[in-house]
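Here's the structure, in structure tokens; my notes come after.
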Amino acid sequence: MWTNSRSRMQYEHFGDVVSFDTTFKTNRYDMPFGLFVGVNNHFQTVLLGGVLMTDEKIESFIWVFREFASVMGGQAPKTILTDQCRAMDVAIAEEWPDTVHRWCKWHVLKRVKECVGPKYTSNKEFRDKFHLMLNEMLTTDEFESSWVILLKEYGLEKNAFLTQIYETRHKWVKSYFKGVFCAQMTSTQRSESANHMLKNILSPNCPLHHFIQQYMKMQYIRDEDEYYEERRNKLNSKKLATGGPLAVQAHNTYTLKVFALFIQLKEDSEFYRSIEVIPGEEYIAEHYDLSRVPRWCKGRYRVQASCAGTKYVCECGLFEHFGLPCSYILRVLISNGVERIPDSLILQRWTVGARHIVPEGLSQYKKDNPALLAQTYRHSSLMLKALRFVEMGDSNVQSHTMAMKLIDDAIEALKEVSREKDGLGLSHKPRDAVQANEEEEEFVEFPQRVPKKKSERGRPSSRRPRAGHEKLSRRPRFCSICRSDKHTMQNCPDRDNSTKKTRKPPTCSGCGVTGHSVDRCRGRQQQLVPAEFIFL
């Protein structure tokens, strides 16, 4: 596993949501490559770290997540998005119990395409309704009612796969993401795009040192795109003349990409009106024409205000999921004549000043500095100070005497404070290594040489090898009579054998005998033999 100082700084500001995906066997060593990515305040993909794994077992993923948190200062992300790999699921639950784990929506739709079959691939109406449930519905009530109606309409109530994914709907349905901040990410598409970019700049048979060099090249490309957006936002001196005071404040606060999304939400709020239920505490944002609202949409959303109008909460949960006030809250603010967005509705990670950092000389006074929890930071900073101290103490005899006295006093002062170990120091033996020695677990060593590959017959395939959880699963088949998955129609006990069609034996058209066809008739074969051959 490796990272750099730029990625660690990105994780400090935008490490609340992380996407992790493994690309199977992308190098000469046949090792899966895992990539941690996030999203910055310009809605750009940022690379946080890469890891090469010998296998994709639970123990390996536990090590990956533990070391990633250690490298990034000991802090786990709030939300992580992965595919449906069972080993990842178990490892995240064990190593990061407080992190919210969500599945990639794209991988779920891929399995739906495989298991539902023609009703999803060929029926555009069903596919559009299914995507509507996943992308547009904001509340769980809307999803639950539409799910039942959709399955009943297309006769999929007994589909085994849809029943299975419905039981795990809290991990991939957008309606159940309420209260979970995902930075508008519902899939590992950013990881997939980063993997695709990496494949364009290296070959699958590249050696290990070249692999890491090309990864750093991709890191440089992403940093250049980010610097461009930073300069573009700094040079933006255009004053907003329309949109009202809320839009003017948002233009000065958010980045250009986030401001465009804010304007879109504000335009959607113009179709609603605010109804005050409890003065100063509860409001209802209602659509002007409920007849134009789709049947699955509520059209009326409840907004609650507290703390003298400085905090607003909507039942749609868009602010908790995305970090921008929804159109219903904006309608209430505009109707009440509010000229500034409350501070509780402004998330710093989307603002222009999301990277405001304390200068390096004053960083030691910052509370909860995550860099102090990193293994290499504390050791290297102390080493640099110690080298400077040794250089000054070696100037003359008097400075040497004073330096030795100061060292003795410092050791005596640190004796009591240093008794408590947090396990992050380089000189401390990790507790996992002690347990490994006690249990004598097997350790899979890193391959020192490239494994010999046996050339396969035929033209080499251009497709990458797929992991076990990515391979196409066999579609479940059901009996067309009783809809059971235990047998087929031929072996169904409910089958009516009286209507079974029996095959009649063929009748020869040459001799009229039942039991053979005209092609196998002996009399016809004798007639076809020439006379001279019969004479001989």
Side-chain angles (χ1 to χ4, degrees), residues 19 21-25 81-86 88-89 102-138 140 142-177 182 184-196 199 294-297 459 461-492:
S19 173
D21 181 62
T22 56
T23 303
F24 195 63
K25 296 181 180 180
L81 285 88
T82 66
D83 52 26
Q84 295 174 271
C85 180
R86 178 59 180 169
M88 285 189 196
D89 199 354
R102 289 292 181 262
W103 285 348
C104 170
K105 182 178 62 178
W106 180 84
H107 285 85
V108 175
L109 292 177
K110 180 182 176 183
R111 295 293 307 277
V112 171
K113 179 180 178 181
E114 296 172 359
C115 298
V116 176
K119 285 191 177 180
Y120 180 85
T121 56
S122 303
N123 195 335
K124 185 178 182 300
E125 183 180 358
F126 171 80
R127 186 169 62 251
D128 293 342
K129 291 182 179 179
F130 194 86
H131 287 187
L132 185 67
M133 287 193 305
L134 303 185
N135 302 326
E136 301 297 335
M137 298 187 178
L138 301 177
T140 56
E142 294 174 351
F143 173 78
E144 294 288 346
S145 60
S146 60
W147 178 273
V148 175
I149 295 173
L150 185 65
L151 296 190
K152 186 176 180 181
E153 181 180 355
Y154 291 92
L156 296 173
E157 298 93 334
K158 296 184 179 180
N159 188 284
F161 176 75
L162 293 179
T163 304
Q164 177 187 358
I165 64 172
Y166 178 76
E167 295 175 355
T168 58
R169 59 192 180 278
H170 61 281
K171 282 196 171 185
W172 58 276
V173 177
K174 180 181 178 180
S175 304
Y176 289 88
F177 283 22
C182 296
Q184 210 181 21
M185 289 197 303
T186 56
S187 67
T188 57
Q189 182 181 0
R190 295 184 181 274
S191 299
E192 298 287 350
S193 60
N195 289 331
H196 181 70
K199 293 173 188 176
R295 62 177 182 177
W296 52 266
C297 185
R459 180 179 297 178
S461 176
S462 59
R463 297 182 179 180
R464 67 176 179 88
R466 297 183 179 272
H469 64 275
E470 289 184 312
K471 293 181 180 178
L472 181 63
S473 59
R474 186 178 180 182
R475 186 185 304 172
R477 300 186 180 276
F478 303 92
C479 176
S480 59
I481 299 176
C482 63
R483 304 301 299 170
S484 175
D485 57 345
K486 306 297 182 183
H487 55 265
T488 59
M489 181 186 67
Q490 288 77 11
N491 303 326
C492 182

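Just so we're clear, the structure is a prediction, and the values are computed from it rather than from any experiment. Sequence positions, counted from 1, serve as the residue numbers for this chain.
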For a 4.5 angstrom cut-off between non-hydrogen side-chain atoms, does H487 reach C482? yes
Report the distance from atom CG of N159 to atom CD of Q164, rounding to the nearest 0.5 Å. 10.0 Å
Exercise: identify the closest heavy-atom pair between C479 and M489: SG-CA, 3.9 Å
Could you state the interatomic distance from OH (Y120) to CG (L162), rounded to the nearest 0.5 Å? 11.0 Å
So, using side-chain contact (heavy atoms from CB on, under 4.5 Å) as the criterion, who are the partners of T163 when residues are at least two apart? E167
Here the gap from I481 atom CD1 to Q490 atom CD, rounded to the nearest 0.5 Å, amounts to 8.5 Å
Hey, could you give me the CG/OG distance between L151 and S146, rounded to the nearest 0.5 Å? 9.5 Å
Gap separating the CG atom of L81 from the CH2 atom of W172, nearest 0.5 angstrom: 14.5 Å
Could you tell me whether the side chain of W147 and the main chain of Y166 form a donor-acceptor pair under 3.5 Å? no
Is there a side-chain contact between T168 and Q84, using heavy atoms and a 4.5 Å cut-off? no
Non-neighbouring partners of K152 that pass side-chain contact (heavy atoms from CB on, under 4.5 Å), sequence neighbours left out: E157
W103 side, atom CH2; H170 side, atom NE2 - distance, nearest 0.5 Å: 7.5 Å
Establish, for the pair R127 and F130, whether the NZ or CZ atom is under 6.0 angstrom from the six-membered ring centre and no further than 45 degrees off its axis. no
